[in-house]
Amino acid sequence: MSSDAGPGGGRGAADDRERRARRRPDRSPPQSDVAPGHDQSAAERPLPPYPDSLGPRVFHAAQWMRDPVDLLDRGGTDHDVFRAHLLGVGDWYQLCHPDHSKRVLLAEREKFRKSEDFGIAFGDGLLTVEGETWTRQRQTLQPLFVRESVRGAAGTMVEQVKRRVDRWTDGQRLALQSELTDLTLDVLFAAILGRELALDGDEKVRRAAEALHDWFVPTSYPLPQWIPTPARRRFREGKRTLQQEADRLLEEAARNPPDDPAEADDLMRLLAALRETDAVDAGMPSDEHLRDQMVTVIFAGHDTTTTSLTFALWALAEHPEVRERFHAEVDALDGPPTAEDIEAGRLEFTDRVVTETLRLFPPVYGLPRVADRDVTVDGYRVPEGERINVVLYRIQRDPRFFDRPDEFDPDRWTDEFRQSLHDFAYAPFGGGPRICIGRQFALLEATLALATIGRDYELYYLGEEGDDGGPPLSPQMTLRMEAGQEFLVTER
Ligand code: HEM
């Protein structure tokens, strides 16, 4: 794989990119668990550095609050492993190489656990639980998310997208991200939770779903958890609202549950059937657990897709040649896009646009874990109990794996390139057994939504430019575009 950095806009100036490409190959100790000096005991190994580029560590938290992606990107430019210090949280060990990602997510996953934050926020849902409970929950939920089941939701997805975008008008200025937040919630509720949200209503539920992300906002995350920040209050209120909604939906589904949970065609009917039959075996023994599951799916399943769609539409707006090819592809379809169109390769270019968008703008830009025991990474010691973050954003823009890493180039995704790529260099859905359960759903939704929009509309970006010529980023729990950026809608 070439490590040349090509032209294109990244975070930072052109000389920064050159420096990155020049330094990368030899910037870290050898990538093995054997520390330099073979008689050195694990306890004597050095801790990872605090990069000079981040300045004194008392300022790391302030940088994190201002822009976590910028901090991770700068630190990771010269270091595959480094530490950042967040007051109130402590040291955070950042891993920026796909070999590390593979160890944490797959090869040595028993040495790492999920961080407690998710448990505090989401109780005992699939995103959080570990061990036997996770295995049972995953096995129970998996059938709803396999390709064949998800495929059945394609019609509902397109219907929900059309319902909303049919109201767009020629010349309209649209705050796209907020519109797409509504759209992905429409889809999630209709396709997974079995309830159609009102187009202009259900504001309470919509606001509550948004508030789930407030637990992790960078401005309150580094502060001790007992401090009742406004974001944390919004989170708690939102969670309470969604728990009430879960109770309501469960009750509704319980009036007519399938006899066998395996026959359920949506999440609420599955959960209702479990309550009647084998909730304990499914790793969800109480109503509290069933509620946690629904809140988890809402949290994990809508903002991620919103940001992917927003960035994809930004990329199409800003790359006219790509846009033309995309429109040509969707115009050639016989009617509204379908799952068969995707399977027959008729949306192959659109699919590559989605793939490249998820590379440049991974909605989940870091995967947090905690070391369950002392581990050594690249010769550095990561002590038991310390927080780890696998920095997907940095890995997916690494010039050792992607030529012109900061450029949006859907054409890079040839079969040969996919085959030659390190298996963890591109992992927007994570990897190993805990890979995103919703990825088939998300990819289907993103491709169908883009194609549906592209058949009727062309969008132009009217918003601001970020520091690097890209869109202005606002990393929250997910990597978002800064709020309020407008797009111009033109009818085709
Ligand atoms: C573009 C959209 C999406 C992206 C980029 C994404 C990304 C991810 C990632 C990176 C993980 C792994 C987290 C970790 O290892 O710490 C994950 C897990 C998960 N995702 Fe997604 N996700 C997306 C859409 C969805 C959707 C649509 C759903 C549900 C409808 C969903 C539900 C989940 C759940 C429940 C987990 C936990 C799985 C487990 O631990 O077994 N995600 N997602």
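All of these numbers come straight from a predicted model, not from anything done at the bench. Atoms within a ligand are numbered from 1 in the order they appear, just like the ligands themselves.
Near L127, the atoms of ligand 1 lying under 4.0 angstrom from a non-hydrogen atom of the residue are 18 (C), 19 (C), 36 (C), 37 (C). Annotation for ligand 1: atoms under 4.0 Å from non-hydrogen atoms of W134 are 39 (C), 40 (O), 41 (O). Distances below 4.0 Å separate heavy atoms of L188 from the following atoms of ligand 1: 30 (C). Every atom of ligand 1 with a heavy atom of R138 under 4.0 Å away is listed here by number and element: 38 (C), 39 (C), 41 (O). Atoms of ligand 1 lying under 4.0 Å from any heavy atom of L367, numbered from 1 in the order shown and given with element: 10 (C), 13 (C), 14 (C), 16 (O). When each atom of ligand 1 is checked for a heavy atom of P428 under 4.0 Å away, the hits are 5 (C), 7 (C), 10 (C). The distance from ligand 1 to the heavy atoms of P363 drops below 4.0 Å at these ligand atoms: 5 (C). Numbered from 1 in the order shown, with element, the atoms of ligand 1 that lie under 4.0 Å from a heavy atom of I192 read 30 (C).
When every heavy atom of N389 is checked against every heavy atom of L367, the shortest pair comes out as OD1-N, 3.2 Å.
The heavy atom nearest to atom 15 (O) of ligand 1, considering only R369, E445, R434, is found in R369.
Taking the six-membered ring where the residue is Trp, H97 and F401 present perpendicular rings, their angle passing 60° and hence far from 30°. Using bins of under 30°, 30° to 60° and over 60° for the plane-to-plane angle, the ring pair F408/H319 lands in the tilted bin. Note on ring orientation: taking the six-membered ring where Trp is involved, the planes of H79 and F82 are tilted (angle from 30° to 60°).
Here the protein heavy atom with the shortest distance to atom 1 (C) of ligand 1 is S308 OG, 3.3 Å.
Within the 4.0 Å heavy-atom shell around ligand 1 one does not find Q137. Residue contact annotation: L392 has no non-hydrogen atom under 4.0 Å from ligand 1.
Within the 4.0 Å heavy-atom criterion, neither part of L141 lies near ligand 1.
For atom 21 (Fe) of ligand 1, the count of nearby protein N, O or S atoms, meaning those under 2.8 Å away, is 1.
No donor-acceptor pair under 3.5 Å is formed between the side chain of E245 and the backbone N or O of V205.
At a 3.5 angstrom cut-off on N or O pairs, T296 does not count as close to ligand 1.
Judged by a 6.0 Å distance limit and a 45° cone about the ring axis, R397 is positioned over the six-membered ring of F361. Cation-pi contact between R412 and F402: absent, since separation from the ring centre below 6.0 Å together with deviation from the ring axis within 45° is not met.
When the shell of 6.0 Å around CZ of R418 is examined, it contains more than 12 heavy atoms from other residues, nucleotides or ligands.
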